[in-house]
Amino acid sequence: MPQHQIFRDVTFYIVPKTNSKLLVHRKEIFKRHGATLRYSIPLESNRRNGTKITNIVVVLDEKLKKEEILRDLQMELSTLLLPVVNSAWVSEGIEKNTILPVDGYEIFLSPKIPNKRTLKRNAQDENDQKKTKLESQNKLESQEKPEVPPNQRILHFLKLMSDEYEKTNQTWKSQSYRKAIESIKNTAFNIRTYEQAIKLPHVGKSLASKIVEILQTNSLKQLQTVQRDPKLIVLAIFEKIFGVGTHTAEKWYYEGLRTLEDVKAEKYMGLSDLQKYGLQYYDDWSQRIPRVEGEKHDQYVRMACHKIDPQAEVHIMGSYRRGAATMGDIDFIITKKETKILELKGILRRLVADLEKSGYIKCQLRGVEKRGEIKSKLFCGAQLANYPFCRRVDFLVVPSDEIGAAFLYFTGNTTFNRHMRQRAIDMGLKLSNSGLYRVEDSGDPNTPREVLLESKDERTIFKLLNMEWRDPVERNFGGFEEEGKSVKAAGDF
DNA sequence: CGCCAGTGTTT
DNA sequence: AAACAC
DNA sequence: GGCG
Ligand SMILES: O=c1ccn([C@H]2C[C@H](O)[C@@H](COP(=O)(O)OP(=O)(O)OP(=O)(O)O)O2)c(=O)[nH]1
Ligand SMILES: [Mg+2]
């Protein structure tokens, strides 16, 4: 019953390109009302002409993040001129049988906080994940028969793919490749066929095909197309500045900045204190910390803490507790028996004051003292006398009744934490830095009731999750370091 | 087709 | 809500 | 991109 065909003269550019039953259905409705549907924007259509709407981007999936919308359109933000609206604009227009003004439906992809006076560029990403290293282009010599460590070529290219996706904030794809890599590492034989590949856990059709492609051509088409432009190298340098992530790095790049010197020269005024310190200590914080120096930090901080409160305890966590030979930073937990968070915050505040006075703490990146409120976390730069570098040091104060969960969290590594937390989810539980909880239905599905099961004791949390205890050294999961452990580890999950 | 860990802090 | 960090 |  297409009566007026209100969208007769309108072209919808649909996001996302991917289909699903629901989306197909909704698009049918759009067509019935006369809309022309397209999936990419021809150059000449990318403009607004007056108030009359003839071309418009319609986002059908409300959950899409702004950056994902842009990626789907394959548009650089600065070049997108068309209005972008959510699907309510369409459906309410249909109800009212008219083309509505976009006000109230428009999704603004660009500005958010006009920082000082800079401009355009926005949209953002998913969650987590750390820096990546740059790696040079591919091409391994074609070694025909026996690969001594099996599947080396395959692993090489899949790693490049994973890195590529991580750099472009496609975190789930990146994660998929990492899981496949782990899986292949645990494979004793040389994979030769699609059938062998697809049997492996975390290797599906797409990855199996890619594996075959690698075996046959010794390369991957997709990797060569994926422009390995100099841009990524610059972005990686920028993103290593503390306080600078993908968003800021990209913004700077589009403003024409290419080196740290460019940034210092042109942006210094506009930088946050965080980023200024990040620049100032860029070289220092790029250095690994020898384990022996970690011991010295431990002694030093422990002494200082003892003076403030002899009952307070200092523990080094992170990679140090996992037995690393070198660390990227130093992670402290400060705690005290039978003590609540408030008192501990006070201890941290005094400790920090002393450490600053003594010259150990060089700068606070995230302070104890912000706006009168005392925080339970401190990120800072700190240097021991007669040592060559300022180090990144993190303090976390933890009330004694959360100490087990906090140890678990702050010992890591990150991959181990995520595995363990996933296991909790699968058991209907939730594990966080404050405890292991049972998640119950409270009537309101948005705010389920969380009942604390355990938070004081690390070992009890392992038991409740039906896991064998692992010494911290056995928690170096995933990645490329110490995979001897992660082989067994992966099997356990 | 939804999930892929969960939290603290700042803007 | 986004950005950045652990 | 894989999985339940
Ligand atoms: O996204 C994150 C980051 C960190 N952590 C936990 C695990 C990690 O082990 C600990 C300390 O973080 P840090 O970044 O210091 O990692 P690390 O394991 O100590 O390694 P590095 O030697 O780089 O400091 O905090 C998480 O749970 N999730
Ligand atoms: Mg650390």
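These values consider heavy atoms only, across backbone and side chains, with no hydrogens, waters or symmetry-generated copies. Residue numbers begin at 1 in each chain, while the letters A, B, ... track the order of the sequences.
D/dG1 atom P lies 16 Å from atom CD of A/Glu166, rounded to whole Å. Here B/dT7 presents its P atom at 14 Å from CG of A/Leu408, a figure rounded to the nearest Å. In this structure, NZ of A/Lys345 is placed 7 Å from P of B/dT9, rounded to the nearest angstrom. Put simply, CG on A/Asn169 is 16 Å from C1' on D/dG1, counting in whole angstrom units. Going from atom NZ of A/Lys173 over to atom C1' of D/dC3 covers 16 Å, rounded to whole Å. With rounding to whole Å, A/Arg421 atom CZ is found 7 Å from B/dT7 atom P. Taking atom CG of residue A/Asn417 and atom C1' of nucleotide B/dG6, one finds them 9 Å apart after rounding to whole Å. Atom CD1 in A/Ile211 sits roughly 13 Å away from atom P in D/dG1 (whole-Å rounding).
Partners of A/Arg288 according to the side chain to side chain contact (heavy atoms under 4.5 Å, CB included) rule, which considers only residues two or more places apart in sequence or in another chain, are A/Thr326. With sequence neighbours left out, A/Phe332 forms a ring-ring contact (aromatic ring centres under 6.0 Å, His included) with A/Phe395. Partners of A/Val102 according to the side chain to side chain contact (heavy atoms under 4.5 Å, CB included) rule, which considers only residues two or more places apart in sequence or in another chain, are A/Ile53, A/Ile56, A/Pro83, A/Val85, A/Trp89, A/Glu106. For A/Leu274, the side chain to side chain contact (heavy atoms under 4.5 Å, CB included) partners are A/Phe242, A/Ser272, A/Leu365, not counting sequence neighbours.
At the heavy-atom level, A/Leu274 lies nowhere under 4.0 Å from the strands shown. Heavy atoms of A/Leu431 sit under 4.0 angstrom from primed sugar atoms or phosphate atoms, though from no base atom. Looking at heavy-atom distances under 4.0 Å, A/Ser272 makes no contact with the nucleic acid at all. Among the protein residues, A/Asp394 comes within range of the sugar-phosphate backbone only, with heavy atoms under 4.0 Å from sugar or phosphate atoms but none that close to a base.
When atom types are taken as modelled, the side chain of A/Thr248 and the backbone of A/Val244 share no donor-acceptor pair closer than 3.5 angstrom.
Not one side-chain nitrogen or oxygen of A/Lys377 sits closer than 4.0 Å to the OP1 or OP2 atom of B/dT7. For B/dT9, the OP1/OP2 oxygens have a side-chain nitrogen or oxygen of A/Ser376 closer than 4.0 Å. Within the structure, every side-chain polar atom (N or O) of A/Arg178 is placed at least 4.0 Å from both OP1 and OP2 of D/dG2. Taking side-chain N and O atoms only, A/Ser432 has no distance below 4.0 Å to OP1 or OP2 of B/dA5.
Spacing of P atoms, B/dC3 relative to B/dT7, comes out at 16 Å, to the nearest Å. Separating the P atom of C/dC6 from that of B/dC4 is a span of 23 Å, rounded to the nearest Å. On the C1' atoms, B/dG6 is 22 Å away from D/dG2, given to the nearest whole Å.
Here the nucleotide nearest the side chain of A/His247, chosen from C/dC6, C/dC4, B/dT10, is C/dC4. Distances from the side chain of A/Tyr409 to the nucleotides B/dT9, D/dG2, B/dG6 place B/dG6 closest. Set against B/dG6, D/dC3, B/dT10, the side chain of A/His202 has D/dC3 as its closest nucleotide. If you check D/dG1, B/dT9, C/dC6 against the side chain of A/Lys375, the one that comes closest is B/dT9. Out of B/dT7, B/dC1, C/dA5, the shortest distance to the side chain of A/Lys430 is found at B/dT7.
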Inset, instruction - Starting from the C-alpha separation in whole Å, work towards a yes-or-no answer on side-chain hydrogen bond (donor to acceptor under 3.5 Å, both in side chains) for A/Asn151 and A/Lys185. - result: CA-CA 8 Å; A/Asn151 304 313; A/Lys185 279 186 182 169; over 6 Å; no
Legend entry - Worked verdict on A/Ser174 versus A/Ser162 for side-chain hydrogen bond (donor to acceptor under 3.5 Å, both in side chains): CA-CA 4 Å; A/Ser174 176; A/Ser162 174; 3.2 Å; yes
Legend entry - Trace of the side-chain hydrogen bond (donor to acceptor under 3.5 Å, both in side chains) decision for A/His156 with A/Gln152: CA-CA 6 Å; A/His156 171 79; A/Gln152 281 306 102; over 6 Å; no
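Across the interface with DNA chain B, nearest-nucleotide mapping of A/Ser434 and A/Leu22 shows A/Leu22 to be the residue nearer the 5′ end.
Taking the side chain as every heavy atom from C-beta outward, A/Arg438 and A/Glu450 never approach each other to under 4.5 Å.
Taking the ring centroids of A/Tyr300 and A/Tyr360, they lie under the 6.0 Å cut-off.
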Legend entry - Canonical and wobble pairing (Watson-Crick, G-U, under 3.5 Å) of DNA chain C, dot-bracket with |: ||||||
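No cation-pi contact links A/Arg470 to A/Phe462, judged by a cut-off of 6.0 Å to the six-membered ring centre and 45° from its axis.
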Identify the pairs formed between an N or O of the protein and an N or O of nucleotides 2-4 of chain B at a distance under 3.5 Å, and give each distance.
none

